[in-house]
Amino acid sequence: MSAWRVRPVNLEFQVLLKSPAVTGEDPDSSRELLTILGFREEEAKKSVAQHYGLLSVQETGFLVRASSFKGLLRVASEYVVELKSLNLGLGHAVCSFLDIEGMGMPKCMLPLPLKEETSEPLKRKFREILERERWVVTDNDRVEFNNYPCIPCSMFGATGLRSMVTVSFGRNFILKVEPGSFHRLFFNEVMRKLQGGDVRPLLLHALKAGGKIALTVKLSSWGPQGLRSKSCSPHALAAAMLWLAVRLVNAGFFRLGRFKSRGLGVLQIAPTDRTLDTLAQLLGVKPVEADITSRAIEILENELRTRLRGIDQQQR
Amino acid sequence: MNSQGSSITIDYYKELFGKGRSLLKNLSSRRVKDINDVRETVLSSARSGHWCLTILVYAADEFITNARDLVNRASGSVAHGRQRRGGPGPEELDAWIAWLMKGVLRYVFIAGGADSAKWRYLLGSSRAPAFASRASFRVTVRDEVKRVIEAMKALGAKDQVLEQRVESEKYLLVNVVDCKLGDGRWASELLNDALQQLGQLGLRLARKVTLGM
């Protein structure tokens, strides 16, 4: 089958909210919304609300964006790839960890600006760093892309490269996700209150803990394989990376939405039985979580070595 | 609940708060420069590969019991919006307590008399997005701790069992983006030392798991 016509793969997960979550709201929108809902101005200023949509989702009336989940999976994936690369002694492997302005943001772009086109200082610096890290090697007219685009950009997309991973919600919420309101006091406010002072707590309108959301992650056909992976099929690499990223999310290192340091947004992402079979099939192991994890680590390590080992040896 | 123990804890918090408030005014604008210096140190640490994720697990039944009491006392009569309500539910309380832990630590370092930029880097500062928090706290039950540790081990984590107290029902999980902070010390060491100093809060390190390196 042509690489362009590979059948897409659907991976289905159940997302359980382990703690309340607030997503997709900036403070200004939140304040406006609460003012419309009848809150006094001073109350609206110190409140944050989960987005309630005019375009209502299901009967609950609030919006959770699938892109929030995609962002969560991407940032966890970037982390696991970078950690694994550092762990193997291969140096940086993810563009958002490169030491350049805008650290933390993905930077890969296609086509890569040619030297003569890199008049902008930032683009020029980016190009220099790519060559210094030997992700891109230029030899006269020949340009070799060792690690470009980087693995997360290859999978989740970059400027000029369509994402291979699409995240959407399943048809129904598995368990009704309800909004609820509660307040939070800072430590100093707790103490002021105990000493008889007056405090005004932060009021949060968030999704309550305990709700379940059906999440579908679609791995689309991948286009030219070289842009996606070098040591295995792009679907296998994507499955491996996503599986490991989900482990980190479930371990609580990455959480959804705002106020994460306040304990919000803790998730448990569990694959359905069918998805476990699909993942096992993609990775070539039995549908057992431990086996899938071992194989996923192996696949990711192989890919990183293929991309970066040559570079590492040359630098040493 | 042991009311005497709870009272001791609240007195301790009050003392900490009082010391911190009196020292807070002395903090200067040097803070931003200091944090930038720490950030540079962390970046060079990352370039050298001295960078990983660490999870510290504390057996924390006593601490959580006392903290719940503290929060309930403070929140009982707080009006919010146009409604009054009773105390928060158990899950809210646990999330709240985990968050308060960061506030307590912030006051620990302020009350110590030094405005250490390392602490600001770890706990976060509102001055710039680059100063987002590198440590998070979570209250959880034993089964979940087991699942977290199994997942981390599966990813190749080093599980350093320091001490185990199986009879405890609740744990405090501290996730740290771990790095060397200038004087050769790891961020997780800094946090652990501070938490151990709070011995009267009843926190005992149960497990340390590191992913990376």
Side-chain angles (χ1 to χ4, degrees), chain A residues 18-20 34 38-40 43 46-47 79-80 82-84 86-87 89 91-92 97 99 103-104 180-195 199-203 208-210 244 246-248 250-253 255 259-264 266 268 289-290 293-294 297, chain B residues 10 13-14 16-17 20-21 43 46-47 49 51-53 55 70-71 73-75 77-78 80-83 85 88-89 91-92 94-104 106-107 123-124 129-130 132-133 135-140 144 147-149 151-152 154-156 173 175 211-213:
Chain A
K18 300 279 288 181
S19 72
L34 289 165
F39 281 71
R40 289 193 299 270
E43 289 167 354
K46 209 174 177 192
S47 303
Y79 235 87
V80 81
E82 178 76 0
L83 270 173
K84 188 50 80 180
L86 291 176
N87 205 16
H92 289 300
F97 288 87
D99 186 11
M103 196 174 174
S181 64
F182 53 92
H183 59 266
R184 287 278 191 272
L185 289 169
F186 286 97
F187 172 68
N188 57 355
E189 289 174 323
V190 169
M191 298 318 299
R192 279 214 303 275
K193 184 69 193 167
L194 289 175
Q195 290 173 348
V199 294
R200 204 152 47 87
L202 178 70
L203 176 62
K208 277 184 182 172
L244 296 177
V246 164
R247 304 285 91 191
L248 278 187
N250 288 350
F253 282 105
R255 298 173 295 281
F259 302 111
K260 293 186 275 288
S261 70
R262 300 171 199 204
L264 270 66
V266 180
Q268 204 77 40
E289 291 203 1
T293 304
S294 306
I297 290 173
Chain B
I10 288 176
Y13 283 133
K14 283 182 177 173
L16 190 68
F17 179 66
R21 295 304 289 178
L43 280 176
R47 282 183 214 116
W51 192 61
C52 53
L53 282 174
I55 179 167
L70 180 79
V71 171
R73 283 192 200 193
S75 65
S77 61
V78 170
H80 61 102
R82 291 177 177 173
Q83 49 190 315
R85 48 175 291 178
E91 291 199 2
E92 281 181 43
D94 285 350
W96 195 346
I97 288 165
W99 179 42
L100 283 179
M101 200 63 227
K102 295 185 76 174
V104 174
R106 203 178 286 279
Y107 271 80
L123 300 177
S133 172
S136 70
F137 295 77
R138 234 172 103 199
V139 172
T140 187
E144 196 183 343
R147 277 201 298 273
V148 168
I149 289 176
M152 296 291 289
L155 289 176
L173 261 64
N175 299 342
L211 180 64
M213 286 297 293

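Chain letters run A, B, ... following the sequence lines, proteins first and then strands; every chain starts at 1.
Under the 6.0 Å cut-off for aromatic ring centres, B:Trp99 and A:Phe186 qualify, their centroids lying closer than that.
Contact annotation for A:Tyr79: only side-chain heavy atoms (C-beta onward) come within less than 4.5 Å of a heavy atom of chain B. A:Asn250 touches chain B through its backbone: at least one of N, CA, C or O sits under 4.5 Å from a heavy atom, while the side chain does not. Heavy-atom distances place the side chain of A:Gln195, and not its backbone, under 4.5 Å from chain B. Interface residue B:Lys14: backbone and side-chain heavy atoms are both found under 4.5 Å from chain A.
Contacts with chain A were tallied for B:Ile149, B:Leu100, B:Thr140; B:Leu100 has the most, counting heavy-atom pairs under 4.5 Å. Your options are A:Leu244, A:Val80, A:Ile297, A:Asn188, and the one with the most heavy-atom pairs under 4.5 Å with chain B is A:Asn188. Taking chain A as the reference chain and counting heavy-atom pairs below 4.5 Å, the highest number among B:Val104, B:Ile97, B:Ile55 is found for B:Val104. If you tally non-hydrogen atom pairs under 4.5 Å between each of B:Ala135, B:Ala154, B:Ala151, B:Ala98 and chain A, the highest count goes to B:Ala154. Comparing A:Gly252, A:Ser294, A:Ala290 by heavy-atom pairs within less than 4.5 Å of chain B, the highest count is held by A:Gly252.
Remark: A:Lys18 engages B:Glu144 in a salt bridge (charged side-chain N to carboxylate O under 4.0 Å, His left out) (not counting sequence neighbours). With sequence neighbours excluded, no residue satisfies side-chain hydrogen bond (donor to acceptor under 3.5 Å, both in side chains) with A:Lys208.
In this structure, B:Leu211 and A:Leu83 approach most closely via the heavy-atom pair O-CD2, 3.8 Å. Counting all heavy atoms, side chain and backbone alike, B:Met152 lies closest to A:Leu248 at SD-CD2, 4.3 Å.
A:Arg255 is listed as a side-chain neighbour of B:Ser136, based on a closest heavy-atom distance under 4.5 Å. The closest side-chain heavy-atom distance from B:Leu16 to A:Met191 is not below 4.5 Å. Between A:Arg192 and B:Phe17 the shortest side-chain heavy-atom distance falls below 4.5 Å.
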